[in-house]
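Below: one structure, written as structure tokens.
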Amino acid sequence: MSKLAQTFPLLIRKSENNKKGAGIQRTPRVVLKDRFPVCCDSIPICVYLKADTHLPILSNRGLIIAIDGPAGSGKSTTARMVAERLGLLHIDTGAMYRALTLKVLEEGVRPGDHEAIARLLETTNVILKQGAMLQQVLLNGRDVTGRIRDADVTRAVSAVSEVRSVREAMVRQQRALGAEGGVVLEGRDIGTVVFPDADLKIFLVASLRTRAARRRAELLRSGVDVQLASLEDDIARRDGLDSRRTESPLVRAPDAIELDTSELTIEEQVDHVVRQAQEILKRREQA
Ligand code: DC
């Protein structure tokens, strides 16, 4: 039994092969039941992954897929669908930074007050609850899934995520969550800092216009109408902050595969990543 499985009450059992995962049918499957907790007596900010349903995991394969890229490049949808197709866990690291940012705002702490933010980490608990379609985010037990996408959080998140103590704590948690493999992590620094040895690194890009248009369509679906130009300004500002910060800036890892999604459908971009992962699995089987 792995060290992590000994440490935490993981309920793991072997199951049937997954019909969906083309190219991996002969792989014995491991299903993670109920929970995937990783915690943390002494680590500031506690993050758990909790499975709503039985999630098929390729943890015996240890596959780690890193998907990085700027805001609106399609990371979340791609990561979620790739994870679903391959039977992996999806970890949205942006949601972790967003949940902490919400706490910062609610506690009335200035996003520039690094010391106060470091103290807040000590009492922050985030649960990423994996459902069939949706990843629910709980902040100290409260469902903040929708709230962390609001404009005030989006405006402040870059400032909070450049705080060194925040990055150190988040990266430690993300490494612990992905340590067993069988994961797709998405963010800004997964392939460069969190898992520089990831099996597959994808860097998604798309034109500013496309990214703003996607964001606008998303907002319209929830009944909010924002001008395209204002969304372009917003995204460009966030790109600048995320790329120029000193602590783990948004950059493409030299060995990452860059994929421009401007002209691609979601299915096409997901297919592309899945094919790359299947190649890796095939090569491993042959080795
Ligand atoms: O992916 P997103 O837009 O939900 O991320 C929100 C912010 O969190 C993003 O502007 C920068 C920060 N972030 C980060 O610094 N590192 C990550 N791995 C993920 C997100």
Side-chain angles (χ1 to χ4, degrees), residues 45 47 49 64-80 82-83 90-105 111 114 117 121 124 126 128 134-137 139 144-178 183-196 198 201-206 208 210-212 214-216 218-219 231-253 256 261:
I45 189 166
V47 183
L49 278 186
I64 296 179
I65 301 179
I67 301 185
D68 289 302
S73 56
K75 294 186 305 290
S76 289
T77 316
T78 308
R80 180 173 52 75
V82 166
H90 167 211
I91 302 176
D92 172 0
T93 62
M96 294 165 61
Y97 290 96
R98 283 175 179 272
L100 176 67
T101 302
L102 176 59
K103 187 150 190 223
V104 167
L105 295 178
H114 293 200
I117 292 174
L121 280 168
T124 305
V126 178
L128 304 178
L134 182 83
Q135 177 191 258
Q136 244 186 330
V137 183
L139 172 63
V144 294
T145 313
R147 178 68 183 92
I148 60 169
R149 309 282 158 197
D150 286 348
D152 57 342
V153 175
T154 302
R155 262 195 310 274
V157 66
S158 290
V160 172
S161 52
E162 72 176 355
V163 178
R164 177 184 288 219
S165 58
V166 169
R167 298 219 72 83
E168 283 171 359
M170 294 292 189
V171 168
R172 265 173 94 176
Q173 290 283 292
Q174 289 153 12
R175 286 186 182 147
L177 292 170
V183 286
V184 182
L185 291 111
E186 49 141 324
R188 302 290 190 286
D189 58 344
I190 309 300
T192 49
V193 176
V194 183
F195 284 108
K201 298 182 190 177
I202 304 287
F203 194 81
L204 293 183
V205 293
L208 182 60
T210 306
R211 293 188 285 137
R214 284 178 186 158
R215 180 78 187 121
R216 181 157 196 269
E218 203 177 284
L219 288 169
L231 289 171
E232 280 185 2
D233 288 350
D234 222 44
I235 292 176
R237 185 190 63 87
R238 204 141 62 93
D239 281 356
L241 289 171
D242 292 345
S243 323
R244 285 195 300 268
R245 69 183 176 213
T246 333
E247 300 291 332
S248 20
L250 167 70
V251 286
R252 180 168 82 82
T261 66

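Counting convention: from 1, in listed order, for ligands and their atoms alike. Along the sequence shown, residues carry numbers from 1.
Across every non-hydrogen atom of Val137 and Ala99, the tightest pair is CG1-CB, 4.2 Å. In this structure, Val160 and Pro111 approach most closely via the heavy-atom pair CG2-CB, 4.1 Å.
The distance from ligand 1 to the heavy atoms of Asp242 drops below 4.0 Å at these ligand atoms: 9 (C), 10 (O), 11 (C). Atoms of ligand 1 lying under 4.0 Å from any heavy atom of Gly94, numbered from 1 in the order shown and given with element: 4 (O), 5 (O), 19 (C), 20 (C). Within ligand 1, the atoms closer than 4.0 Å to a non-hydrogen atom of Ser158 are 10 (O), numbered from 1 in the order shown. Counting the atoms of ligand 1 from 1 in the order shown, those under 4.0 Å from a heavy atom of Arg149 are 4 (O). Counting the atoms of ligand 1 from 1 in the order shown, those under 4.0 Å from a heavy atom of Tyr97 are 8 (O), 13 (N), 14 (C), 16 (N), 17 (C), 18 (N), 19 (C), 20 (C).
On a distance-only criterion, Arg98 and ligand 1 share at least one N/O pair closer than 3.5 Å. Below 3.5 Å of separation, one finds no N or O of Gln174 facing any N or O of ligand 1. Of the polar atoms of Thr93, at least one N or O is found under 3.5 Å from an N or O of ligand 1, judged by distance alone.
With sequence neighbours excluded, the residues forming a side-chain contact (heavy atoms from CB on, under 4.5 Å) with Ser73 are Pro70, Lys75, Leu204, Arg211, listed by chain and number.
One side chain, Arg98 or Thr154, offers a donor N or O that lies under 3.5 Å from an acceptor on the other. With hydrogens and angles left out, the side-chain atoms of Thr210 and Arg215 include no donor and acceptor closer than 3.5 Å. No hydrogens or angles considered: a donor-acceptor pair under 3.5 Å links the side chains of Ser76 and Glu186. Of the N and O atoms on the side chains of Arg167 and Tyr97, at least one donor lies less than 3.5 Å from an acceptor on the other residue.
The side chain to side chain contact (heavy atoms under 4.5 Å, CB included) test with Thr124 singles out one residue from Leu102, Ile117, Leu139, and that residue is Leu139.
Regarding atom 16 (N) of ligand 1, its nearest protein heavy-atom neighbour is Arg167 NH2, 3.0 Å. Of all protein heavy atoms, the one closest to atom 18 (N) of ligand 1 is Asp189 OD1, 2.8 Å. The shortest contact between atom 12 (C) of ligand 1 and any protein heavy atom is with Ser161 OG, 3.5 Å. Protein heavy atom nearest atom 3 (O) of ligand 1, with residue, atom name and distance: Arg238 NH1, 3.1 Å.
Residue contact check for ligand 1: Ala71 places no non-hydrogen atom closer than 4.0 Å to it.
The environment of Arg237 atom CZ is dense: over 12 non-hydrogen atoms of other residues, nucleotides or ligands sit within 6.0 angstrom.
Among Arg155, Glu162, Arg245, the residue whose heavy atom lies nearest to atom 15 (O) of ligand 1 is Arg245. Residue Arg188 holds the heavy atom nearest to atom 2 (P) of ligand 1 of all those in Arg237, Arg188, Lys75.
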Side chain to side chain donor-acceptor pair (under 3.5 Å), that's the test. Do Thr101 and Arg155 meet it? Break it down for me.
CA-CA 10 Å; Thr101 302; Arg155 262 195 310 274; over 6 Å; no
